[in-house]
Amino acid sequence: MTTLFALVDCNNFYVSCERVFNPGLEHRPVVVLSNNDGCIVSRSNEVKALGIGMGKAAFEVRDILTRHHVEAFSSNYTLYADMSGRVMQTLADFSPAMEVYSIDEAFLDLSGIGQPPADYGRQIQHTVRQWTGIPVSVGIASTKTLAKLANKIAKKSPKAAGVLNLADSPFLTQALQRVAVQDVWGVGLRIARKLNAAGIMNALDLSRADIGWIRGQFGVQGVRTVYELQAISCYPLEENPQDKKTIIVSRMFGRSVTAIDELMEASATYAARAGEKLRQEGLAAGMMSVSVATSRFIEHRYYNVHTTVFPTATFDSAELVQAATASIERIYREGFDYKRAGVLLHELTPQEYVQRTLFDTADRARAGRLMRTLDAINRRGDCTVRWAAEGIDKPWHTQFKHLSPKFTTRWDQLPVVS
DNA sequence: TCTGGGGTCCTAGGACCC
DNA sequence: TCTGGGGTCCTAGGACCC
(Lines give C-alpha, C1' and ligand atoms only; values in the text may rest on other atoms or scores of the structure.)
Protein backbone atom coordinates (compact mmCIF):
# COMPACT_ATOMS: atom_id res chain seq x y z
CA MET A 1 0.00 0.00 0.00
CA THR A 2 1.38 3.41 -0.89
CA THR A 3 1.43 6.09 1.74
CA LEU A 4 1.10 9.82 1.27
CA PHE A 5 1.79 12.25 4.09
CA ALA A 6 1.49 16.01 4.33
CA LEU A 7 3.38 17.86 7.01
CA VAL A 8 1.73 21.19 7.74
CA ASP A 9 3.96 23.50 9.75
CA CYS A 10 3.10 27.00 10.95
CA ASN A 11 5.66 29.61 9.89
CA ASN A 12 7.44 31.27 12.83
CA PHE A 13 4.46 30.21 14.91
CA TYR A 14 4.74 32.31 18.09
CA VAL A 15 5.65 35.42 16.10
CA SER A 16 2.75 34.77 13.72
CA CYS A 17 0.34 34.50 16.69
CA GLU A 18 1.47 37.91 17.93
CA ARG A 19 1.03 39.38 14.45
CA VAL A 20 -2.55 38.13 14.10
CA PHE A 21 -3.64 40.49 16.88
CA ASN A 22 -1.14 43.23 16.16
CA PRO A 23 -1.00 43.68 12.38
CA GLY A 24 1.40 46.60 12.76
CA LEU A 25 4.07 43.94 13.34
CA GLU A 26 3.75 42.68 9.75
CA HIS A 27 7.03 43.13 7.79
CA ARG A 28 8.81 44.25 10.94
CA PRO A 29 11.45 42.29 12.88
CA VAL A 30 9.81 40.43 15.79
CA VAL A 31 11.04 37.87 18.33
CA VAL A 32 9.33 35.85 21.04
CA LEU A 33 11.38 35.05 24.13
CA SER A 34 11.47 31.94 26.32
CA ASN A 35 10.45 31.87 29.98
CA ASN A 36 12.22 34.53 32.03
CA ASP A 37 12.70 36.39 28.74
CA GLY A 38 15.95 34.47 28.47
CA CYS A 39 16.32 33.04 24.97
CA ILE A 40 14.95 33.74 21.53
CA VAL A 41 12.53 30.94 20.66
CA SER A 42 10.67 32.35 17.65
CA ARG A 43 11.94 34.74 15.00
CA SER A 44 10.30 36.56 12.13
CA ASN A 45 11.99 36.25 8.74
CA GLU A 46 13.38 39.77 9.16
CA VAL A 47 15.16 38.64 12.34
CA LYS A 48 16.46 35.46 10.70
CA ALA A 49 17.93 37.69 8.00
CA LEU A 50 19.85 39.57 10.70
CA GLY A 51 21.67 36.32 11.46
CA ILE A 52 20.22 35.86 14.95
CA GLY A 53 20.13 32.14 15.68
CA MET A 54 17.37 30.08 17.25
CA GLY A 55 17.78 29.67 21.00
CA LYS A 56 20.26 32.54 21.29
CA ALA A 57 20.40 34.20 24.71
CA ALA A 58 18.65 37.55 24.48
CA PHE A 59 21.29 39.47 26.43
CA GLU A 60 23.96 38.37 23.96
CA VAL A 61 22.21 40.01 21.02
CA ARG A 62 20.66 42.96 22.86
CA ASP A 63 22.64 45.47 20.80
CA ILE A 64 21.47 44.08 17.48
CA LEU A 65 17.88 43.93 18.72
CA THR A 66 17.98 47.57 19.79
CA ARG A 67 19.74 48.77 16.67
CA HIS A 68 17.19 47.19 14.37
CA HIS A 69 14.17 48.11 16.50
CA VAL A 70 13.21 44.49 16.96
CA GLU A 71 9.91 44.02 18.81
CA ALA A 72 10.31 41.47 21.62
CA PHE A 73 7.51 39.55 23.33
CA SER A 74 7.46 37.24 26.32
CA SER A 75 5.99 33.80 25.65
CA ASN A 76 2.20 33.98 25.81
CA TYR A 77 1.53 30.25 26.02
CA THR A 78 -2.17 30.70 26.67
CA LEU A 79 -2.55 32.56 23.38
CA TYR A 80 -0.35 30.15 21.40
CA ALA A 81 -2.15 27.06 22.72
CA ASP A 82 -5.51 28.53 21.76
CA MET A 83 -4.32 29.53 18.27
CA SER A 84 -2.82 26.07 17.84
CA GLY A 85 -6.22 24.55 18.60
CA ARG A 86 -7.82 26.68 15.88
CA VAL A 87 -5.23 25.69 13.30
CA MET A 88 -5.58 21.98 14.15
CA GLN A 89 -9.36 22.18 13.97
CA THR A 90 -9.09 23.71 10.52
CA LEU A 91 -6.65 21.03 9.35
CA ALA A 92 -8.91 18.25 10.60
CA ASP A 93 -11.33 19.13 7.78
CA PHE A 94 -8.74 18.17 5.17
CA SER A 95 -8.12 14.56 6.13
CA PRO A 96 -9.90 11.75 7.96
CA ALA A 97 -6.62 10.92 9.69
CA MET A 98 -4.36 13.46 11.35
CA GLU A 99 -1.54 13.41 13.87
CA VAL A 100 -0.95 16.57 15.89
CA TYR A 101 2.82 16.38 16.12
CA SER A 102 3.58 19.53 18.10
CA ILE A 103 2.02 22.89 18.98
CA ASP A 104 2.62 24.12 15.43
CA GLU A 105 2.82 20.98 13.25
CA ALA A 106 0.53 18.21 12.09
CA PHE A 107 0.85 15.24 9.75
CA LEU A 108 -2.15 14.53 7.53
CA ASP A 109 -2.87 11.28 5.70
CA LEU A 110 -3.42 12.33 2.09
CA SER A 111 -3.66 8.87 0.52
CA GLY A 112 -6.78 8.74 -1.59
CA ILE A 113 -7.45 12.46 -1.89
CA GLY A 114 -8.20 12.04 -5.59
CA GLN A 115 -6.59 15.25 -6.81
CA PRO A 116 -3.08 16.55 -7.41
CA PRO A 117 -1.40 16.71 -3.97
CA ALA A 118 0.19 20.10 -4.57
CA ASP A 119 -3.20 21.66 -5.41
CA TYR A 120 -4.63 20.19 -2.24
CA GLY A 121 -1.67 21.59 -0.30
CA ARG A 122 -2.43 25.06 -1.65
CA GLN A 123 -6.03 24.76 -0.51
CA ILE A 124 -4.86 23.82 2.98
CA GLN A 125 -2.44 26.74 3.07
CA HIS A 126 -5.06 29.21 1.88
CA THR A 127 -7.80 28.01 4.22
CA VAL A 128 -5.67 28.04 7.37
CA ARG A 129 -4.50 31.54 6.56
CA GLN A 130 -8.03 32.76 5.95
CA TRP A 131 -9.64 31.12 8.97
CA THR A 132 -6.93 31.66 11.60
CA GLY A 133 -4.55 34.32 10.21
CA ILE A 134 -1.61 31.93 10.57
CA PRO A 135 0.71 31.33 7.57
CA VAL A 136 1.65 27.67 7.06
CA SER A 137 3.91 25.62 4.80
CA VAL A 138 2.98 22.22 3.43
CA GLY A 139 5.41 19.43 2.55
CA ILE A 140 4.04 16.32 0.85
CA ALA A 141 5.80 12.97 0.34
CA SER A 142 5.48 9.23 0.79
CA THR A 143 7.15 9.11 4.23
CA LYS A 144 7.09 11.40 7.22
CA THR A 145 10.82 12.11 7.00
CA LEU A 146 10.49 13.12 3.34
CA ALA A 147 7.42 15.23 4.13
CA LYS A 148 9.47 17.09 6.73
CA LEU A 149 12.20 17.58 4.17
CA ALA A 150 9.71 18.79 1.55
CA ASN A 151 8.33 21.23 4.09
CA LYS A 152 11.77 22.63 4.81
CA ILE A 153 12.34 23.34 1.13
CA ALA A 154 8.81 24.69 0.69
CA LYS A 155 9.49 27.29 3.39
CA LYS A 156 12.70 28.55 1.82
CA SER A 157 12.14 28.28 -1.90
CA PRO A 158 10.40 31.30 -3.45
CA LYS A 159 9.33 29.08 -6.33
CA ALA A 160 7.55 26.61 -4.06
CA ALA A 161 5.80 29.47 -2.22
CA GLY A 162 5.13 27.33 0.80
CA VAL A 163 3.91 24.10 -0.83
CA LEU A 164 6.05 21.28 -2.21
CA ASN A 165 5.09 17.76 -3.27
CA LEU A 166 7.94 15.25 -3.50
CA ALA A 167 5.84 12.12 -3.98
CA ASP A 168 6.55 10.60 -7.42
CA SER A 169 8.55 13.70 -8.16
CA PRO A 170 11.36 13.81 -10.74
CA PHE A 171 13.02 16.35 -8.45
CA LEU A 172 13.36 14.06 -5.42
CA THR A 173 17.08 13.39 -5.97
CA GLN A 174 17.73 17.08 -6.45
CA ALA A 175 15.76 17.91 -3.30
CA LEU A 176 17.69 15.36 -1.22
CA GLN A 177 20.93 16.76 -2.50
CA ARG A 178 20.23 20.31 -1.40
CA VAL A 179 19.30 19.46 2.19
CA ALA A 180 22.24 19.23 4.59
CA VAL A 181 22.35 16.04 6.62
CA GLN A 182 21.89 17.88 9.93
CA ASP A 183 18.57 19.22 8.67
CA VAL A 184 17.14 15.73 8.23
CA TRP A 185 14.46 14.80 10.79
CA GLY A 186 16.11 12.56 13.40
CA VAL A 187 19.65 13.78 12.77
CA GLY A 188 20.93 16.13 15.45
CA LEU A 189 24.26 17.81 16.02
CA ARG A 190 26.13 14.74 17.31
CA ILE A 191 25.01 12.40 14.58
CA ALA A 192 25.57 15.03 11.90
CA ARG A 193 29.19 15.44 13.03
CA LYS A 194 29.82 11.71 12.80
CA LEU A 195 28.15 11.51 9.40
CA ASN A 196 30.14 14.47 8.08
CA ALA A 197 33.33 12.87 9.29
CA ALA A 198 32.39 9.83 7.19
CA GLY A 199 31.85 12.04 4.15
CA ILE A 200 28.04 11.96 4.33
CA MET A 201 27.11 15.57 3.80
CA ASN A 202 23.54 15.77 2.49
CA ALA A 203 20.30 13.80 2.60
CA LEU A 204 21.09 12.09 -0.71
CA ASP A 205 24.40 10.77 0.68
CA LEU A 206 22.57 9.51 3.76
CA SER A 207 19.89 7.77 1.70
CA ARG A 208 22.69 5.84 -0.06
CA ALA A 209 24.73 5.05 3.07
CA ASP A 210 25.67 1.48 3.96
CA ILE A 211 22.85 0.15 6.12
CA GLY A 212 25.09 -2.17 8.19
CA TRP A 213 27.39 0.69 9.07
CA ILE A 214 24.43 2.89 9.97
CA ARG A 215 23.01 0.14 12.21
CA GLY A 216 26.32 -0.22 14.03
CA GLN A 217 26.84 3.52 14.50
CA PHE A 218 23.34 4.82 15.16
CA GLY A 219 21.08 1.88 16.01
CA VAL A 220 17.61 1.21 14.71
CA GLN A 221 16.61 4.88 14.62
CA GLY A 222 19.41 5.56 12.16
CA VAL A 223 18.29 2.67 9.98
CA ARG A 224 14.71 3.94 9.97
CA THR A 225 15.83 7.40 8.92
CA VAL A 226 17.75 5.98 5.95
CA TYR A 227 14.80 3.84 4.85
CA GLU A 228 12.43 6.78 5.18
CA LEU A 229 14.72 8.82 2.90
CA GLN A 230 14.50 5.91 0.43
CA ALA A 231 10.71 6.39 0.48
CA ILE A 232 10.18 3.23 2.58
CA SER A 233 7.76 4.29 5.30
CA CYS A 234 8.78 3.26 8.85
CA TYR A 235 6.80 5.75 10.91
CA PRO A 236 3.04 5.38 10.58
CA LEU A 237 0.60 8.15 11.37
CA GLU A 238 -0.09 8.13 15.13
CA GLU A 239 -3.68 9.23 15.31
CA ASN A 240 -4.34 8.43 18.95
CA PRO A 241 -1.31 9.40 20.95
CA GLN A 242 -0.74 7.03 23.86
CA ASP A 243 -1.04 8.30 27.39
CA LYS A 244 1.74 10.53 28.60
CA LYS A 245 4.59 8.80 30.41
CA THR A 246 5.91 11.80 32.28
CA ILE A 247 4.65 15.24 33.24
CA ILE A 248 7.23 17.93 33.92
CA VAL A 249 6.87 21.37 35.45
CA SER A 250 10.22 23.07 35.74
CA ARG A 251 11.13 26.76 35.74
CA MET A 252 14.02 29.12 36.13
CA PHE A 253 13.45 31.74 38.82
CA GLY A 254 13.17 35.45 38.07
CA ARG A 255 16.05 36.01 40.50
CA SER A 256 18.27 33.66 42.44
CA VAL A 257 16.87 32.07 45.57
CA THR A 258 18.80 31.21 48.72
CA ALA A 259 16.12 30.61 51.38
CA ILE A 260 14.59 27.18 51.86
CA ASP A 261 11.04 28.53 52.27
CA GLU A 262 11.17 30.15 48.84
CA LEU A 263 12.30 26.87 47.31
CA MET A 264 9.42 25.18 49.10
CA GLU A 265 6.94 27.70 47.72
CA ALA A 266 8.25 27.22 44.22
CA SER A 267 8.18 23.43 44.39
CA ALA A 268 4.68 23.53 45.90
CA THR A 269 3.55 25.80 43.06
CA TYR A 270 5.01 23.48 40.42
CA ALA A 271 3.58 20.39 42.13
CA ALA A 272 0.11 21.97 42.11
CA ARG A 273 0.49 22.83 38.43
CA ALA A 274 1.69 19.30 37.67
CA GLY A 275 -1.38 17.99 39.52
CA GLU A 276 -3.64 20.05 37.23
CA LYS A 277 -1.96 18.65 34.14
CA LEU A 278 -2.21 15.15 35.59
CA ARG A 279 -5.96 15.42 36.16
CA GLN A 280 -6.46 16.97 32.75
CA GLU A 281 -5.01 13.78 31.27
CA GLY A 282 -7.09 11.60 33.58
CA LEU A 283 -3.95 10.08 35.07
CA ALA A 284 -2.51 9.36 38.50
CA ALA A 285 1.18 9.40 39.43
CA GLY A 286 3.07 6.62 41.16
CA MET A 287 6.22 8.67 41.67
CA MET A 288 7.32 12.27 41.88
CA SER A 289 10.86 13.58 41.55
CA VAL A 290 11.63 17.07 42.81
CA SER A 291 14.87 18.71 41.74
CA VAL A 292 16.71 21.95 42.49
CA ALA A 293 19.67 23.45 40.70
CA THR A 294 21.93 26.46 40.62
CA SER A 295 22.75 28.14 37.32
CA ARG A 296 24.77 25.99 34.94
CA PHE A 297 26.98 28.99 34.20
CA ILE A 298 28.58 29.56 37.58
CA GLU A 299 31.45 27.96 39.51
CA HIS A 300 29.65 27.07 42.74
CA ARG A 301 27.15 24.60 41.25
CA TYR A 302 24.73 22.24 42.94
CA TYR A 303 22.08 19.87 41.66
CA ASN A 304 20.03 17.34 43.54
CA VAL A 305 16.85 15.37 43.14
CA HIS A 306 14.61 13.46 45.53
CA THR A 307 12.02 10.92 44.48
CA THR A 308 8.87 10.09 46.41
CA VAL A 309 7.07 6.81 45.79
CA PHE A 310 3.34 6.95 46.44
CA PRO A 311 2.11 3.59 47.77
CA THR A 312 -1.15 4.29 45.97
CA ALA A 313 -0.84 6.32 42.76
CA THR A 314 -2.31 9.76 43.36
CA PHE A 315 -3.88 12.69 41.52
CA ASP A 316 -4.47 14.70 44.68
CA SER A 317 -2.62 18.00 44.66
CA ALA A 318 -2.62 18.11 48.47
CA GLU A 319 -0.54 14.94 48.50
CA LEU A 320 1.76 16.20 45.72
CA VAL A 321 2.31 19.58 47.37
CA GLN A 322 3.04 17.98 50.72
CA ALA A 323 5.52 15.53 49.21
CA ALA A 324 7.19 18.32 47.22
CA THR A 325 7.96 20.44 50.26
CA ALA A 326 9.18 17.34 52.11
CA SER A 327 11.54 16.63 49.20
CA ILE A 328 12.99 20.13 49.40
CA GLU A 329 13.83 19.56 53.08
CA ARG A 330 15.83 16.53 52.00
CA ILE A 331 17.82 18.13 49.18
CA TYR A 332 18.24 21.76 50.27
CA ARG A 333 21.81 22.77 51.08
CA GLU A 334 22.65 26.14 52.49
CA GLY A 335 24.99 28.54 50.71
CA PHE A 336 23.90 28.13 47.11
CA ASP A 337 22.19 30.53 44.71
CA TYR A 338 19.34 28.43 43.38
CA LYS A 339 18.08 29.29 39.92
CA ARG A 340 15.70 26.48 39.06
CA ALA A 341 13.32 23.96 40.60
CA GLY A 342 11.33 21.26 38.90
CA VAL A 343 8.73 18.58 39.51
CA LEU A 344 8.58 15.40 37.43
CA LEU A 345 5.65 12.99 37.71
CA HIS A 346 6.20 9.46 36.44
CA GLU A 347 4.78 5.94 36.70
CA LEU A 348 1.56 7.42 35.33
CA THR A 349 -1.55 5.23 35.15
CA PRO A 350 -5.12 6.00 34.15
CA GLN A 351 -7.10 6.97 37.26
CA GLU A 352 -9.58 4.13 36.82
CA TYR A 353 -6.85 1.48 36.95
CA VAL A 354 -5.17 2.68 40.13
CA GLN A 355 -4.33 -0.19 42.46
CA ARG A 356 -4.97 0.69 46.09
CA THR A 357 -2.76 -0.78 48.74
CA LEU A 358 -4.26 -2.78 51.56
CA PHE A 359 -3.55 -0.04 54.07
CA ASP A 360 -4.71 2.91 52.00
CA THR A 361 -7.06 4.89 54.22
CA ALA A 362 -7.41 8.04 52.13
CA ASP A 363 -10.90 8.98 51.00
CA ARG A 364 -10.05 9.09 47.29
CA ALA A 365 -13.55 9.77 46.07
CA ARG A 366 -13.78 12.83 48.27
CA ALA A 367 -10.33 14.06 47.19
CA GLY A 368 -11.40 13.55 43.59
CA ARG A 369 -14.49 15.73 44.03
CA LEU A 370 -12.41 18.41 45.72
CA MET A 371 -9.86 18.41 42.88
CA ARG A 372 -12.57 18.64 40.21
CA THR A 373 -14.13 21.63 41.96
CA LEU A 374 -10.75 23.29 42.37
CA ASP A 375 -9.85 22.80 38.72
CA ALA A 376 -13.22 24.15 37.58
CA ILE A 377 -12.76 27.33 39.61
CA ASN A 378 -9.19 27.85 38.44
CA ARG A 379 -10.15 27.34 34.81
CA ARG A 380 -12.37 30.39 35.03
CA GLY A 381 -9.70 32.77 36.27
CA ASP A 382 -5.97 32.79 36.79
CA CYS A 383 -5.25 30.57 39.79
CA THR A 384 -8.10 31.84 41.94
CA VAL A 385 -7.65 29.08 44.50
CA ARG A 386 -4.14 28.16 45.55
CA TRP A 387 -2.42 26.04 48.15
CA ALA A 388 -1.10 27.95 51.14
CA ALA A 389 2.29 26.31 50.62
CA GLU A 390 2.62 28.05 47.26
CA GLY A 391 3.06 31.43 48.94
CA ILE A 392 1.38 34.70 47.98
CA ASP A 393 3.93 37.15 46.58
CA LYS A 394 6.20 34.64 44.86
CA PRO A 395 9.17 37.00 44.57
CA TRP A 396 11.08 34.19 42.82
CA HIS A 397 8.51 34.02 40.05
CA THR A 398 9.66 33.62 36.44
CA GLN A 399 9.67 36.95 34.63
CA PHE A 400 7.52 37.89 31.65
CA LYS A 401 8.19 41.55 31.05
CA HIS A 402 6.87 41.82 27.51
CA LEU A 403 3.67 39.79 27.67
CA SER A 404 0.89 40.45 25.18
CA PRO A 405 -2.78 40.11 26.27
CA LYS A 406 -4.63 36.79 26.28
CA PHE A 407 -6.60 38.00 23.27
CA THR A 408 -8.63 34.87 22.73
CA THR A 409 -9.20 33.30 26.13
CA ARG A 410 -10.06 36.15 28.50
CA TRP A 411 -13.09 38.42 28.14
CA ASP A 412 -11.28 41.31 29.79
CA GLN A 413 -8.40 41.03 27.31
CA LEU A 414 -10.31 40.80 24.04
CA PRO A 415 -8.87 43.05 21.34
CA VAL A 416 -10.94 46.18 20.81
CA VAL A 417 -11.70 47.48 17.33
CA SER A 418 -12.11 51.22 17.25
C1' DT B 1 22.79 41.41 35.87
C1' DC B 2 20.72 38.40 32.02
C1' DT B 3 21.56 31.98 29.29
C1' DG B 4 13.77 27.95 28.22
C1' DG B 5 10.59 24.09 28.92
C1' DG B 6 8.53 19.77 27.96
C1' DG B 7 8.69 15.61 25.94
C1' DT B 8 10.09 10.61 23.59
C1' DC B 9 12.85 6.61 22.43
C1' DC B 10 16.89 3.71 22.59
C1' DT B 11 21.00 1.59 24.53
C1' DA B 12 24.40 0.05 27.72
C1' DG B 13 25.36 -1.88 31.79
C1' DG B 14 24.38 -3.64 36.39
C1' DA B 15 21.61 -6.73 39.33
C1' DC B 16 19.65 -10.83 39.64
C1' DC B 17 18.03 -15.41 38.28
C1' DC B 18 18.48 -20.26 36.76
C1' DT C 1 43.81 -22.55 40.11
C1' DC C 2 39.41 -22.67 38.40
C1' DT C 3 36.06 -18.70 37.47
C1' DG C 4 29.47 -20.60 31.62
C1' DG C 5 25.87 -18.73 29.40
C1' DG C 6 21.74 -16.81 28.74
C1' DG C 7 17.68 -14.41 30.03
C1' DT C 8 14.99 -10.40 32.19
C1' DC C 9 14.31 -6.21 34.48
C1' DC C 10 15.63 -1.74 35.77
C1' DT C 11 17.98 2.64 35.53
C1' DA C 12 20.87 6.28 33.91
C1' DG C 13 22.17 8.74 30.34
C1' DG C 14 22.51 9.94 25.48
C1' DA C 15 20.31 11.58 21.53
C1' DC C 16 16.67 13.49 19.38
C1' DC C 17 12.36 16.50 18.70
C1' DC C 18 9.76 21.17 18.88
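So that the names make sense, note that chain A is the first sequence line, chain B the second, and so on, each numbered from 1.
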NA contact type, [X], heavy-atom cut-off 4.0 Å: base, sugar-phosphate, or nothing?
{"X": "A:Asp104", "result": "sugar-phosphate"}
{"X": "A:Leu189", "result": "sugar-phosphate"}
{"X": "A:Gln242", "result": "sugar-phosphate"}
{"X": "A:Arg251", "result": "sugar-phosphate"}
{"X": "A:Lys194", "result": "nothing"}
{"X": "A:Ile191", "result": "sugar-phosphate"}
{"X": "A:Phe218", "result": "nothing"}
{"X": "A:Val184", "result": "sugar-phosphate"}
{"X": "A:Lys401", "result": "nothing"}
{"X": "A:Lys56", "result": "nothing"}
{"X": "A:Arg193", "result": "nothing"}

May I ask you to check whether [Y] and [X] place their ring centres under 6.0 Å from each other?
{"X": "A:His397", "Y": "A:Phe253", "result": "no"}
{"X": "A:Phe73", "Y": "A:Tyr14", "result": "no"}
{"X": "A:Trp387", "Y": "A:Tyr270", "result": "no"}

Salt-bridge test for [X] and [Y]: reply yes if a basic N is under 4.0 Å from a carboxylate O, no otherwise.
{"X": "A:Glu281", "Y": "A:Lys277", "value": "no"}
{"X": "A:Glu228", "Y": "A:Arg224", "value": "no"}
{"X": "A:Asp82", "Y": "A:Arg86", "value": "yes"}

key: Residue whose nearest DNA chain B nucleotide is more 5′ - A:Ala57 or A:Gln221   =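 Closer to the 5' end of DNA chain B: A:Ala57.
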inquiry  = Can you give me the first and the last nucleotide of DNA chain C (5' to 3') that has an atom within less than 4.0 angstrom of a non-hydrogen atom in chain A?
reply    =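 Span of nucleotides near chain A: C:dA15 to C:dC18.
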message = Under a 3.5 Å cutoff, is there a donor and acceptor pairing between the side chains of A:His346 and A:Ser289?
response =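 A pair is found: one side chain offers a donor N or O, the other an acceptor, under 3.5 Å apart.
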key: Sole candidate of A:Asn202, A:Ile191, A:Asn196 that passes side-chain contact (heavy atoms from CB on, under 4.5 Å) when paired with A:Val181   = A:Asn196
key: Euclidean distance for C1', B:dC16 against C:dG4 (whole angstrom)   =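 Each nucleotide's C1' atom is 16 Å from the other's.
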task = Between B:dC17 and C:dT3, how far apart are the P atoms? Round to whole Å, please.
result =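 My reading of the P atoms in C:dT3 and B:dC17 gives 24 Å.
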inquiry  = Dot-bracket for DNA chain B, please. Rules: Watson-Crick or G-U, both distances under 3.5 Å, ( ) within the strand, [ ] when a pair crosses earlier ones, | for another strand, . otherwise.
reply    = ....||||||||||||||
message = Out of the candidates A:Lys152, A:Lys148, A:Lys144, only one should pair with A:Glu105 under the salt bridge (Lys or Arg N to Asp or Glu O under 4.0 Å) rule; please name it.
response = A:Lys148
